[in-house]
Protein chains: 2
Amino acid sequence: MNDVDNILDFFIDNVKKLFFPEEWIKIDLKFSKYELFTMLFIDRKSEVTMTELVGYINCPMSTATGIVDRLVRNGYVSRSRSETDRRIVVIKLTDAGCKFINDLRDTISKYLKIILEDLTGEEKQFLIGIAFKIMNKLQTDINIMENTDEDKTVIKKIDIE
Amino acid sequence: MNDVDNILDFFIDNVKKLFFPEEWIKIDLKFSKYELFTMLFIDRKSEVTMTELVGYINCPMSTATGIVDRLVRNGYVSRSRSETDRRIVVIKLTDAGCKFINDLRDTISKYLKIILEDLTGEEKQFLIGIAFKIMNKLQTDINIMENTDEDKTVIKKIDIE
DNA sequence: ATAAATATTTCGCAATGCGTAATATTCGCA
DNA sequence: TGCGAATATTACGCATTGCGAAATATTTAT
């Protein structure tokens, strides 16, 4: 109970670092979160259809079109029609897109190394063990929660004028 | 080296959960990141000036005005002039604002409990120890890096038309 | 051959973030 | 005390992003 509160406070105090990385990492991100995760997804899959993209970033198709429009316009993503089915658009990372993702990975990796350099090999293994344990937990119990029609915390903007 | 890559992949695979919480948490967030961190900041400090807010979320003052405008309009934040110095605007959370933050903390806490319930006491202590170790690390080594005029990863949108 | 289904784009709009200019108040100095 | 400089914040105009509805092109089913 008290441990959870401590961890919650720590989480809230530090999660800001993820949302505002420019404040502590030497990195200048000019992409929206949708654009960023789009490129990460393409990097992982190599070739992605718009429908797959929508399934991954979970936004309307028209939004996905806008996202890809911008990435194509700025040279990070290329777009072509599938020859198998001409309704399907295939999107890939350009050289510039690959470079951006590689640079991003290098930058994050650099900071991870600094963070981890004082840990012993045993501590690292332990940490990875905990990480995978948590990841498995996320895969299973959260899905169970989603399948029960539980009380839903709904926060909506209330226009008072 | 190989450990860092494993952790990097794990990080990239899972960081999406933070940026798209609605996909796995029963929570409907209608606030921009600036609005959210504004409320978290006010919650921690109770009373905040606009200048303090700008210092925390690190955005232009005009942007801060817009953010507070919206939060005030929607009833989560109140705004008043300091009697000591009438240039100064004091912003506080309303009852609705406090309720939102408390509900948010409860929700995150609920998920943290699920995530942590399978961890042994030793693992929890280790995780907390690592967390504080990392936090100290971030305070010191990152600051050292910032003070050296190192190679800066600058990613900018390139308009190709 | 045609209607239905599928994949994606276009269009119009609201909301958000930001640079510049403006406004109100306080401070410093002659 | 008065006035210019400094401070704190808002107003204004604009570019960008996300999204719902409609439109377009292609494929599938009958």
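Here is the naming used below: chain letters follow the sequence lines, and residue numbers restart at 1 for every chain.
- Annotation: side chain of A/Tyr76 is not in contact with side chain of A/Ile42 (no heavy-atom distance under 4.5 Å).
- Listed for the B/Thr49 side chain is no donor-acceptor partner under 3.5 Å among the backbone atoms of B/Ile88.
- Side chain of A/Ile88, nearest nucleotide from C/dT8, D/dT9, D/dG18: C/dT8.
- Across B/Tyr34 and B/Ile57, no two heavy atoms sit closer than the pair CE2-O, 3.6 Å.
- Close to D/dC19, at under 4.0 Å from its OP1 or OP2, lies a side-chain N or O of A/Thr63.
- Contact check, A/Arg70 against D/dT16: no side-chain N or O comes under 4.0 Å of OP1 or OP2.
- A/Leu71 has its CG atom 10 Å from the P atom of D/dT17, to the nearest Å.
- Residue A/Lys33 contributes atom NZ, which lies 16 Å from atom C1' of D/dT16 at whole-angstrom precision.
- Checking side-chain atoms of B/Asp85 against main-chain N and O of B/Arg87 turns up a donor-acceptor pair under 3.5 Å.
- Atom NZ in B/Lys30 sits roughly 9 Å away from atom P in D/dC19 (whole-Å rounding).
- Atom pair B/Asp69:CG and D/dA11:C1' shows a separation of 10 Å (rounding to whole Å applied).
- Checking C/dA5, C/dT20, C/dT25 against the side-chain heavy atoms of A/Arg87 singles out C/dA5 as nearest.
- Look at CE on B/Met61: it is 18 Å from P on C/dA21, rounded to the nearest Å.
- In terms of heavy-atom proximity, B/Thr94 sits nearest to B/Ser78 at CG2-N, 3.8 Å.
- In this structure, A/Arg73 places its CZ atom 15 Å from C1' of C/dT10, rounding to the nearest Å.
- Using a 4.0 Å cutoff on non-hydrogen atoms, the parts of residues 40-58 of chain B near DNA chain D are B/Thr49, B/Met50, B/Thr51, ordered by number.
- Between the P atom of C/dT8 and the CD1 atom of A/Ile91 lies a distance of 9 Å, rounded to the nearest Å.
- Using a 4.5 Å cut-off on side-chain heavy atoms (C-beta onward), B/Arg44 and A/Ile12 make no contact.
- Considering every non-hydrogen atom in both B/Phe31 and B/Leu36, the closest pair reads CB-N, 4.3 Å.
- Shown here for B/Cys59 and B/Ile67, the closest heavy-atom pair between the two residues is SG-CD1, 4.3 Å.
- Residue B/Tyr34 has its side chain nearest to C/dC18 when only D/dT9, D/dC19, C/dC18 are considered.
- For the segment residues 77-86 of chain A, the set of residues with a heavy atom within less than 4.0 Å of an atom of DNA chain D comprises A/Asp85, A/Arg86, in numerical order.
- Regarding A/Phe37, its CZ atom lies at a distance of 17 Å from the P atom of D/dT17, rounded to whole Å.
- Of the listed nucleotides (C/dG17, D/dT26, D/dG18), C/dG17 has the atom at the smallest distance from the side chain of B/Ser32.
- Note: A/Phe37 and B/Phe19 meet the aromatic proximity criterion, with ring centroids under 6.0 Å apart.
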